[in-house]
*Asks:* 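Have a look at this one before I ask anything.
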Amino acid sequence: MTTGLERVLRPGRIGRLALPHRIVMGAMHLGWENRDDDGRALAAFYLARVAGGAGLMVTGGAAVSAAGADVPGFGVLDDAAFRDRLRRVAGEVGAAGGLLALQLFHAGRYARPAADGPRPVAPSAVPSPISRLTPDALPAAGVARIVEDFARGAHHARELGFSAVEIMGSEGYLIDQFLSPLTNRRDDEWGGDPQRRMRFGVAVVRAVRAAVGADFPVVMRMTGDDLLPGGTDRDTVAQYARALVAAGADALNVGVGWHESPVPTVQAVVPPGHWVPVASVVKAAVGGLPVLASNRINRLTQAEAILAGTTLDLVSMARPFLADPALVERSRAGRPVNICVACNQACIDRSLVGAVVSCMVNPLVGREADPGSGAAPAGTDPTASAELPASTDPTGSADPPMPAEPVIHVEPVTRAGPVVRVGAVAGSRAVAVVGAGPAGLRAAHDLALAGHRVTVYEADREPGGQFRLACRVPGKADYAETIRFLTAELTRLGVVLHTGRPVAGADEDLLRRYDGVIVATGVVPRRPDLPGGALPHVRDYGTAFTDDALGRRVAVIGGGGIAVDLAHLASEPGAGPPRQVTILLRGDRLAPRMGRSTRWAVLAELRRRQVTVVTGVRGLRVDPDAVHLVDGTGAARSVPADTVVVAAGQLPADALVRTVRRVGVWHRVVGGARDTVGLDAVRAIAEGHAAALAFQRAARGTGRALRVGEPA
Ligand code: SF4
């Protein structure tokens, strides 16, 4: 066991439930809870986390009534088929020694029903900025019925075999809507003053406790700070926490912010651990009862520091368990962890639109039931699917056949230290991965995990590709951890990594030594033909990211995520006066493809730093002191600039594809080298994974396949 995690790895307790350690896997709606597969995929998801050392895990929300469902397709506990699936999930997790709590959920005014679904209900008819609907105000009898719905849901949870329940009372869902003066405008027994606004949440806890009995663990997820002007004040939160305990809660899991709060809570711009003091305030109010910290905690070392520096008892982590199912075991063993980088791209942003969740750095999420099949979960965004087109060769050429026997190729192991040559097993083949960006590294990792002999060639002096640029952006330092994790895994798996070694047209003989080649050579910045574009102070974004010599007045040409990242980097406070940063974009909307949960937070940060954004830009011309243009209003403008950065798109770096075709070796082209349209890291990494699966399928055709995707 690694040292330094003594507090985290100490056993804990919630009510009568003994916990193996102090980490709780927080609730995440996955999007396949209600899939018609007898609960197989859902069970496999949780079982993978049990195998990776997870203690208590909380399911995504299970609606206590149809009107409480968040989105169409959400699991509703009144549905017998849904309960049957949950029974299987709880049974399999319990049989594997896992602990699973069912989260009891009611969305209230946040519900986004199908056209023929029930109308959203809430304490008062206050419009929801999330659903853009106005809910029906509940009559008093309707409020009492929902309390009974929670009790019935809790009874189901116990009967179905769950280890505990968690009542969802945070993030601005129904219970929070009763608590807040912003959304509860009633003047009856359920509203009118803080005592009456608390009554609904307290009544739910009391009813749930009565339904499950004294010995069944009940966790209340509550909001410690709603981060809304005019929202619930701290005194009320403290009183409410005490009332919840008196009503029968065994633990309080403290969330921060509502979905509509104007303050980022879980985005990468939020420093890890930032919200711990909010949980500490609740802990101070309730004394000895277990209180969980949550929100933006992505390492066990952070959890250890929280437990050491506060009186908090447990730490809830959710997305980190998507990124690495073996988060606890790897941390315990001192092994590298696949860190959640808080991008939200494949998880929260998908959940917000009712799509199936995955993970940017772990494309196996959702495929735990059949990791080697390549079958994408139903409803998955096709850009993140494990399925690549039959041929990913941009030239459209057909797949060359896989040789019946592996190419004889023994790569000398030059790396010092212990190296496991997994590829020595029977049936393994030699694969070259060209390009060590995230897509190439993921392909190499999955191929090596399957037992193949993998060699990676990277033209740059270091692996990482675009992630090495991204990790310089404020809040994105953890992108370096993805590279660190994958390269460490490659070392463990015996992959040979050649850096500073481009593979080009003259390398046909080299390529012939492999059974397959994954072309993951990435992109090159697009340099539009621009008057003055050859001046020495004009540079492409790749250079600008790695060049510390940006001037004091920086003009960024481009309007996508890279331009925003660059503006963020350039406007970072540092030595000297703040830089004047101006973004010049052709369109009228900055970073239109950036995820819904992140875009507003990043743009707010740019506004705070007084970054100027000029839209509708035409007629660009650069001279040594300024960029001249016509803006969206038709006005001629000159933007002073001593550094001009061009972030106006990318082109595939696909020159190697023609060589690979000439050689006639089996190959796949992934990531930016395949296509830069709609490119993001989620797609690139998913394609790296998919390429490994495709190689497996091709090898399987020769009867010599190994499995891809075994747990590390
Ligand atoms: Fe974390 Fe991004 Fe994965 Fe979500 S998609 S779990 S935020 S790394």
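As the structure lists them, so they are numbered: ligands from 1, and atoms in each ligand from 1. Hydrogens, waters and symmetry mates play no part in the numbers below; they use all other heavy atoms, side chains included.
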*Asks:* With the threshold set at 4.0 Å, does a side-chain nitrogen-carboxylate oxygen contact exist between Asp460 and Arg468?
*Replies:*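 Salt bridge between Asp460 and Arg468, a charged N being under 4.0 Å from a carboxylate O: yes.
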*Asks:* Under the rule for ring pair (Phe, Tyr, Trp, His ring centres under 6.0 Å), what residues qualify as partners of Phe105, not counting sequence neighbours?
*Replies:*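 Result, ring pair (Phe, Tyr, Trp, His ring centres under 6.0 Å) vs Phe105: Phe74, Tyr173.
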*Asks:* Return the set of protein N, O or S atoms whose distance to atom 3 (Fe) of ligand 1 is under 2.8 Å, each given as residue and atom.
*Replies:*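 Within the sphere that stays under 2.8 Å of atom 3 (Fe) of ligand 1, the protein atoms of type N, O or S are Cys359 SG.
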*Asks:* Can you list every side-chain hydrogen bond (donor to acceptor under 3.5 Å, both in side chains) pair that touches residues 263-277, not counting sequence neighbours?
*Replies:*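 Non-adjacent pairs meeting side-chain hydrogen bond (donor to acceptor under 3.5 Å, both in side chains): zero.
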*Asks:* Is the shortest distance from a Lys or Arg side-chain nitrogen in Glu171 or Arg221 to a carboxylate oxygen in the other one below 4.0 Å?
*Replies:*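 Here Glu171 pairs with Arg221 in a salt bridge, since their nearest N and O are under 4.0 Å apart.
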*Asks:* Kindly write out the residues that satisfy ring pair (Phe, Tyr, Trp, His ring centres under 6.0 Å) with Tyr479, not counting sequence neighbours, or none if the list is empty.
*Replies:*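 Checked Tyr479 against ring pair (Phe, Tyr, Trp, His ring centres under 6.0 Å); matches are Phe467.
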*Asks:* For Pro320, which part has a heavy atom under 4.0 Å from ligand 1: side chain, backbone, both, or neither?
*Replies:*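 Neither part.
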*Asks:* Does Arg49 make a cation-pi contact with Phe45, if we ask for NZ or CZ under 6.0 Å from the ring centre and within 45° of the axis?
*Replies:*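 Yes.
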*Asks:* Output the list of atoms in ligand 1 that are nearer than 4.0 Å to some heavy atom of Ala342, sorted by atom number.
*Replies:*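 Counting atoms of ligand 1 from 1, those under 4.0 Å from Ala342 are 1 (Fe), 7 (S).
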*Asks:* Please determine whether a side-chain nitrogen of the Lys or Arg among Asp565 and Arg472 lies less than 4.0 Å from a carboxylate oxygen of the Asp or Glu.
*Replies:*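 Salt bridge between Asp565 and Arg472, a charged N being under 4.0 Å from a carboxylate O: no.
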